Amino acid sequence: LPVANGDYLVTLKFAELYWSQVGQRVFNVSVEGKVVLSNLDLVAKVGPKAAYDVTLPVTVTDGVLTIGFKSVVNNAKVSGIKVTAK
């Protein structure tokens, strides 16, 4: 995502709407090349069909906010991303 260099708050919004058992979807999330969530299992964390938001401070120095999702079990997913200037 192209953004001006600077400090931001990035809110990642999640909800597991498909799976209902622990271990059916597990994934990692990285922001600006650093793993910020490892082996995230939304059902284990908050249960099925429940919202889970994570807000992280991020500094962008190359004009691009990079967010990555890496599947461990099944496909990684995100329900929304909010970026606000700090």
Side-chain angles (χ1 to χ4, degrees):
L1 177 66
V3 296
N5 289 346
D7 295 323
Y8 295 89
L9 289 176
V10 175
T11 301
L12 304 172
K13 297 177 169 282
F14 303 98
E16 180 55 71
L17 303 177
Y18 185 77
W19 298 111
S20 60
Q21 300 296 314
V22 170
Q24 291 180 300
R25 184 190 317 267
V26 181
F27 57 97
N28 301 324
V29 180
S30 62
V31 177
E32 290 298 295
K34 296 176 188 164
V35 175
V36 293
L37 298 170
S38 182
N39 292 314
L40 179 59
D41 181 333
L42 294 169
V43 174
K45 193 78 168 170
V46 295
K49 298 181 180 156
Y52 179 61
D53 293 357
V54 178
T55 301
L56 306 160
V58 176
T59 299
V60 175
T61 59
D62 63 356
V64 178
L65 172 59
T66 304
I67 303 172
F69 299 90
K70 183 176 181 190
S71 299
V72 175
V73 177
N74 278 311
N75 295 316
K77 71 166 308 242
V78 64
S79 299
I81 300 171
K82 179 181 177 182
V83 179
T84 54
K86 215 170 156 185

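These numbers were taken from a predicted model, which means no experiment stands behind them.
- Across every non-hydrogen atom of Asp7 and Thr59, the tightest pair is OD1-OG1, 2.6 Å.
- Under the 4.5 Å side-chain criterion, counting only non-hydrogen atoms from C-beta, Val31 is in contact with Leu65.
- Side chain of Glu32 to backbone of Thr66: a donor-acceptor contact under 3.5 angstrom is found.
- Counting only distance, with no hydrogens or angles, the side chain of Asp41 and the backbone of Val26 share no donor-acceptor pair below 3.5 Å.
- A search for side-chain contact (heavy atoms from CB on, under 4.5 Å) contacts involving Pro57 returns Leu9, Lys86, not counting sequence neighbours.
- In this structure, Val22 shares a hydrophobic cluster with Val43, the cluster being traced through Ile, Leu, Val, Met, Phe, Trp and Tyr side chains under 4.5 angstrom apart.
- Residues Val64 and Leu1 do not share a hydrophobic cluster, clusters being chains of Ile/Leu/Val/Met/Phe/Trp/Tyr side chains in contact below 4.5 Å.
- Taking each heavy atom of Ala15 and Ser79 in turn, the nearest pair found is N-OG, 3.4 Å.
- Taking both residues in full, the closest heavy atoms of Asn75 and Ser71 are given as CA-OG, 3.4 Å, listed atom of the first, atom of the second, then distance.
- Taking the six-membered ring for Trp and thresholds of 30 and 60 degrees, Phe14 and Phe27 have ring planes inclined between 30 and 60 degrees apart.
- Clustering of Ile, Leu, Val, Met, Phe, Trp and Tyr by side-chain heavy atoms under 4.5 Å joins Tyr18 with Trp19.
- Closest approach of Asp53 and Lys13 over heavy atoms only: OD2-NZ, 3.0 Å.
- Closest approach of Asn5 to Asp62, counting heavy atoms only: OD1-N, 3.3 Å.
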